[in-house]
Asks: 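Take this structure first; my questions come after.
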Amino acid sequence: MDTTRRFPALTVAATSLGFAVVQLDVTIVNVALPQIARDLGASVASLQWIVDAYTLTFAVLLLGAGALSDRLGARAAYVVGFALFALASSMCGLAPDARSLIAARALQGVGAALLVPSSLALLNAACDRNPAWRARAVGLWTAAGGASIAAGPLIGALLLDALGWRSIFLVNVPFCALAAFAALRWLREERPGNAARGFDLRGQILAVVTLTALVATIISASRGPIGSAGIVAGFVVAVLGAILFCAVEARAPAPMLPLAFFRRPGFGCAMVFGVIVNLTYYGIVFVLSLYLQQARRYAALDAALAYLPLTATFIVSNVASGTLITRLGARLPMIAGALIGATGFALLARLDALSPFTAMLAPFVLIPFGMGLAVPAMTTLTLSSVERRSSGTATGALNAARQVGGALGVAVFGGLVANDRIVAGLREAACIAAALMIAAALIAASRRSVARSAGIARDSAASSRSLQQQCPRIR
């Protein structure tokens, strides 16, 4: 390994733009939901789909997008992702009704699915499997997403006040153009690692059917009796689809999700951990958007300012996580982050319609701080579990699991606040989230995650010492 090369700062910057634009469209939309509801006459269920059409499409296509990135070349997939995202954002901004907006949001999810695994594959290749560089780069990449999450509500509120909700989508177009230019200018294309392998079309179709059925059924269950024929049928389709998906992937010559990954220390742990993190965070953010603007009657800008601690703290903890990973491995930051997040959710459960903002401040800081510690560690654990040529597939799988968690969180927690049960639903959602984060800490502490995490710490520490001796500029 050539340790005399400089840390690939331009590659980190260019790939971080992709993650930033993907994350921006999560929180920037949440602050606009009440205005969209008034303008388009959208129900709570429609608002759930406006959020979930993006996250669900993103989730179900991430596995296939990761595989395509490995087969066709990461930079090509990355640039195409920006083009699709810009087109879809234009369609969102021009949508005449809720159904058109939902469809355009789904197309945004297609672009996002191409951006995330290809950006991580490019990042991993640039770090040349150097553990210290990779931990630092993933921390910065994740911090860019955290900054985007933090900026989203504030940018959205300013655009809402000045130009209306359509502008929150149209602003993506010049941003995508700038990011695509940076990618073509600064990123070098890697030779595709799996170009000769086929594409797992059956697996992709089954993933789409299974996850769409699951999320649609959960959203429907929030509006009707849980034992109705349609809801039962939806759950049956989801379960059968999952069984068939596993059967197909076990026999496919070029599986979209190689089941052998789950036999490697750390991979399965990171997947389950990722589901829980996104389920709790994005589910709570959806509920809080209604709590602040409907139960508390905050204006859009006031709600965005209230969100700042909930989002901005990600930046600090994301950067700190990279340093902790190199010294301690991935496992301990994941455990600590999950427990800190659980504490924040538990404090959130005490809120009511008259709680002062000071009562919100502690949970709004603890939740993102804990998750910001855990997410880079979880991503690093995933990258270290597979060969470099499969990094796009592995990170596609991880981010698919995370986005499925986010879609489920909006569906489940959104159901708790249906029928104007906003305050009671917030409390219930916060209690569920706290319990799930404690479970995530126990999963990270399990023996299944120990071996690889310890290896990361040893390799990272040794590599870091070598780099500091030979290349002091990257300290």
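Keep in mind that the numbers below use all heavy atoms, side chains included, and drop hydrogens, waters and symmetry copies. It should be emphasised that the depicted structure is a prediction, and the values quoted were computed from it without experimental measurement.
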Asks: Output yes when a side-chain donor or acceptor of Q35 lies under 3.5 Å from a complementary backbone atom of G164, and no otherwise.
Replies: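 No.
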Asks: Any side-chain to backbone donor/acceptor pair from R166 onto A95? Under 3.5 Å, distance only.
Replies: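 Indeed, once roles are kept as given, a pair shorter than 3.5 Å links the two residues.
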Asks: Can you establish whether the number of heavy atoms outside F181 located under 6.0 Å from its atom CZ is more than 12?
Replies: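 Result for CZ/F181: open.
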Asks: Side chain to side chain contact (heavy atoms under 4.5 Å, CB included) between R296 and M360: does it pass, once the steps are laid out?
Replies: CA-CA 12 Å; R296 300 300 302 271; M360 305 179 208; 2.8 Å; yes
Asks: Got I432 and L416 here, is their nearest side-chain heavy-atom distance under 4.5 Å?
Replies: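 Yes, side chains in contact.
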Asks: Taking the side chain as C-beta and beyond, is there a heavy-atom pair between M91 and S100 under 4.5 Å?
Replies: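 Counting from C-beta outward, M91 and S100 never come under 4.5 Å.
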Asks: Within the structure provided, determine whether V51 and Y282 are in side-chain contact (heavy-atom separation under 4.5 Å).
Replies: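 Sidechains of Y282 and V51: no contact.
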Asks: Less than 4.5 Å apart, any side-chain heavy atom of L56 and any of T212?
Replies: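 Counting from C-beta outward, L56 and T212 do come under 4.5 Å.
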Asks: Nearest heavy-atom pair of Y54 and A112: which atoms, and what distance?
Replies: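 Where Y54 meets A112 most closely, the heavy atoms are OH-CB, 3.7 Å.
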Asks: What closest approach, in Å, do L115 and G18 show between heavy atoms, and which atom pair accounts for it?
Replies: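 Here L115 and G18 meet closest at CD1-O, 4.2 Å.
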Asks: Answer whether the closest heavy-atom distance between the side chains of D302 and Q293 falls below 4.5 Å.
Replies: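 The answer is no, as the side chains (C-beta and beyond) never meet within the 4.5 Å cut-off.
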Asks: What's the shortest heavy-atom distance between I438 and A342, and which atoms?
Replies: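 For I438 versus A342, the nearest heavy atoms are CG1-CB, 3.8 Å.
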Asks: Please report the interatomic distance CD1(I205) to CZ(F245), rounded to the nearest 0.5 Å.
Replies: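 The CZ atom of F245 is 12.0 Å from CD1 of I205, to the nearest 0.5 Å.
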Asks: When rounded to the nearest 0.5 angstrom, what distance separates CE in M334 from SG in C269?
Replies: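 Here the rounded value is 4.0 Å.
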Asks: Output, in order, the C-alpha distance, side-chain angles, deciding distance and verdict of side chain to side chain contact (heavy atoms under 4.5 Å, CB included) for N278 and Y281.
Replies: CA-CA 5 Å; N278 275 42; Y281 182 76; 6.0 Å; no
Asks: Is the shortest heavy-atom distance from the side chain of P34 to the side chain of W165 under 4.5 Å?
Replies: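 No, every pair of side-chain atoms sits at 4.5 Å or beyond.
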Asks: Tell me, do L426 and I422 make a side-chain contact under 4.5 Å, heavy atoms counted?
Replies: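 No, every pair of side-chain atoms sits at 4.5 Å or beyond.
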Asks: Where does the angle between the aromatic ring planes of F19 and W141 fall among parallel (under 30°), tilted (30 to 60°) and perpendicular (over 60°)?
Replies: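 Geometry flag for W141 against F19: parallel rings.
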Asks: How far apart are the closest heavy atoms of A86 and V173, and which atoms are they?
Replies: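 Here A86 and V173 meet closest at O-CG2, 3.8 Å.
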Asks: Just wondering, do R105 and W49 contact through their side chains at under 4.5 Å, heavy atoms?
Replies: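 No - every pair of side-chain heavy atoms lies 4.5 Å or more apart.
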Asks: Minimum heavy-atom separation for I340 and L366, please, with both atom names.
Replies: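 Shortest heavy-atom contact: CG2-O, 3.4 Å.
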Asks: Suppose we call two aromatic rings close when their centres sit under 6.0 Å apart. Are Y78 and F82 close by that rule?
Replies: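 Aromatic pair counts; centres sit under 6.0 Å.
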Asks: Closer than 3.5 angstrom, by distance alone: can the side chain of R402 be matched with the main-chain N or O of V277 as a donor-acceptor pair?
Replies: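 A pair under 3.5 Å: no.
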Asks: If I take atom CG from residue L24 and atom CG from residue L17, how far apart are they, to the nearest 0.5 angstrom?
Replies: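 Between L24 CG and L17 CG, I get 11.5 Å after rounding to 0.5 Å.
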Asks: Might you work through the side chain to side chain contact (heavy atoms under 4.5 Å, CB included) test for F58 and V110, ending with a clear yes or no?
Replies: CA-CA 6 Å; F58 184 15; V110 178; over 6 Å; no
Asks: Taking it one step at a time, do Y298 and S289 satisfy side chain to side chain contact (heavy atoms under 4.5 Å, CB included)?
Replies: CA-CA 10 Å; Y298 280 24; S289 68; over 6 Å; no
Asks: Looking at every heavy atom in both G337 and A374, which two are closest together, and how far apart are they?
Replies: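 Heavy atoms only, the tightest pair is CA-CB, 4.4 Å.
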Asks: Keeping T210 on the side-chain end and A207 on the backbone end, is there a donor-acceptor pair under 3.5 Å?
Replies: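 Checked: no pair found.
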Asks: Would you say T57's side chain and G109's backbone share a donor-acceptor pair under 3.5 angstrom?
Replies: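 Not confirmed, T57 side chain does not pair with G109 backbone.
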Asks: Between atom CG of L436 and atom SG of C431, what is the distance when rounded to the nearest 0.5 Å?
Replies: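 The SG atom of C431 is 11.5 Å from CG of L436, to the nearest 0.5 Å.
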Asks: For the side chain of R427 and the backbone of L351, is there at least one donor-acceptor N/O pair under 3.5 Å apart?
Replies: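 A pair under 3.5 Å: yes.
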Asks: Between atom CG of L398 and atom OG1 of T382, what is the distance when rounded to the nearest 0.5 Å?
Replies: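 Reported value, rounded in 0.5 Å steps: 4.0 Å.
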Asks: Quick check for you: to the nearest 0.5 Å, what is the distance between F345 atom CZ and M437 atom CE?
Replies: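 If I round to the nearest 0.5 Å, the distance is 6.0 Å.
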